[in-house]
Amino acid sequence: MRYLNEMNYTIRLADEQPEHFHTEIECLFVIEGNLRVSLQGEEYTLGRHDILLVNSGLRHSLHPQGKVILCVVRYAWPLVWALLGKEAG
């Protein structure tokens with residue numbers, strides 16, 4: 001399946017990450033613990049089983065509050081366009 005190259009995921013202990021951005025859409029899913037996320041100047045606190053979608057190009061930083069188990073999934077735009085039945089643009 002060609003989409004495997006356009007999506008990747010990791011499950012890991014969250015670490016402090018300074019402000020950054022990605023060209024992919026990023027899904028943050030907190031499996032356990034609490035994670036503070038700064039996104040474009042707004043602060044969000046995610047708890048167990050919370051999900052946050054971060055669009056491509058948006059600056060964000062991660063700040064775990066103690067031990068946090070995090071699943072991060074990144075989707076490349078060609079995959080999103082294909083799933084929507086549209087041409088990449």
If hydrophobic clusters are built from ILVMFWY residues whose side chains come within less than 4.5 Å, do [X] and [Y] share one?
| X | Y | answer |
| --- | --- | --- |
| Phe29 | Val72 | no |
| Ile69 | Leu35 | no |
| Val37 | Leu70 | yes |

Non-hydrogen atoms of [X] and [Y] that approach each other most closely:
| X | Y | answer |
| --- | --- | --- |
| Arg59 | Gln40 | N-OE1, 2.8 Å |
| Ala14 | Pro64 | O-CG, 3.7 Å |
| Met7 | Leu79 | CB-CD2, 3.8 Å |
| Leu39 | Val54 | CD1-CG1, 3.8 Å |
| Ser61 | Pro18 | CB-C, 3.7 Å |

For the residue pair His60 and Glu19, confirm or rule out a side-chain donor-acceptor distance under 3.5 Å. no
Glu43 versus Ser38, side-chain donor and acceptor atoms under 3.5 Å: yes
What is the distance from atom [atom1] of [X] to atom [atom2] of [Y], rounded to the nearest 0.5 Å?
| X | Y | atom1 | atom2 | result |
| --- | --- | --- | --- | --- |
| Asp15 | Leu62 | CG | CG | 7.5 Å |
| Ile11 | Ile31 | CD1 | CD1 | 4.5 Å |
| Phe21 | Glu26 | CZ | CD | 12.5 Å |

If only atom types and distance count, is the side chain of Glu24 paired as donor or acceptor with the main-chain N or O of Tyr75 below 3.5 Å? no
Under 3.5 Å: donor-acceptor pair, side chain of Glu6, backbone of Trp77: no
For a 4.5 angstrom cut-off between non-hydrogen side-chain atoms, does [X] reach [Y]?
| X | Y | answer |
| --- | --- | --- |
| Cys71 | Val73 | yes |
| Leu13 | Val68 | no |
| Ile51 | Cys27 | yes |
| Lys67 | Glu32 | no |

Determine whether more than 12 heavy atoms belonging to other residues, nucleotides or ligands lie under 6.0 Å from atom OH of Tyr44. yes
